[in-house]
Amino acid sequence: MSRKRQRRLRAVNYSAGDSAWYRSTLLREVRAMNQDVRRTVVAVFEDNPLANPELANDANPVKLVRNALRKLASKWVNRFIDMATGVSDQLLERTTEATDRSLRASMRKEGMTVNYQFTDAMMERQEAIIAENVSLIKSIPEKYFTDVEGMVYRAVAKGGDRKMLTDELMQKFSQREGITRRRAEFIARDQVRKATSALAAVRQQAAGIKMGEWIHSAGQANPRHSHVKAGAERLEFDLSKGAYLDGQWVMPGELPNCSCSWRPVLTF
Ligand SMILES: [Zn+2]
């Protein structure tokens, strides 16, 4: 058996710049959506004194607000879908560029050039990343509207005069924006890592690299014990399936809040 020579390449890096760009894109839309919805809902109640919302007349503000919310929901879900498609394409582009640059540079140091050979499975993996990304972004307005609807009805059910109701709604809308913002921030951080991890693995395999060496990055809030151990042991794993940890195959950076990474292992 011939002894193989191995070389570890530069670690996969999750770009803070990409996360910031992704986050600010999402947050801009979240802010615009919340402003639009708040303005519309508050206007309905300001224009329609709540004499008795139980009365089923045409000017019933609850009915009016329900119709308004329905229209707003379809408008904003569509806007988020449009944005998501653009954002996902751009994320793919940015990640691809960064991965390629890093791979070329570190392989050049070994006197090698990158020659990609993509398989259908690899291309499908790329498509799956985009699809998941779009569906997560779309879930932001979906969840927002479910919550806003409940919030508005609860405020109305509490009763009180117009001023009390609109004050209550203004306050609830700003709380809701905070919750939606945090969810958007989480999605941005996690998606950039997950997409980077998956795309980098695809491109490295296409370049003929089969294995990675797990890196546990310090500074994670609640690191998984198995990931810390994998990093300490410099666990080698197959780039096509990840490492078997805690009963499942995972890639570094794939699970929520995991910022683990890896060094591609080059075998001669
Ligand atoms: Zn981890």
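Order of appearance sets the numbers: ligands from 1, and atoms from 1 within every ligand. Since the model is a prediction, treat every value here as computed from it, not as a measurement. Computed from heavy atoms alone, side chains included, the values below leave out hydrogens, waters and symmetry copies.
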Problem set entry | Pairwise side-chain contact, K143 with D147, heavy-atom cut-off 4.5 Å (strictly under) | yes
Exercise. Are V30 and V77 in one and the same hydrophobic cluster, where Ile, Leu, Val, Met, Phe, Trp and Tyr link if side-chain heavy atoms are under 4.5 Å apart?
Worked result: no
Exercise. What's within reach of the Zn ion (ligand 1), meaning protein N/O/S atoms under 2.8 Å?
Worked result: H227 ND1, C258 SG, C260 SG
For this session: Taking atom CG of D161 as the centre, report whether more than 12 heavy atoms of other residues, nucleotides or ligands fall under 6.0 Å from it.
Result: yes
For this session: Kindly say whether L91 contributes a backbone atom to a donor-acceptor pair with the side chain of T95 at under 3.5 angstrom?
Result: yes
Exercise. Would you find more than 12 non-hydrogen atoms of other residues, nucleotides or ligands less than 6.0 Å from R104 atom CZ?
Worked result: yes
Exercise. Regarding R94 and the six-membered ring of W21, is the cationic atom NZ or CZ under 6.0 Å from the ring centre and inside 45° of its axis?
Worked result: yes
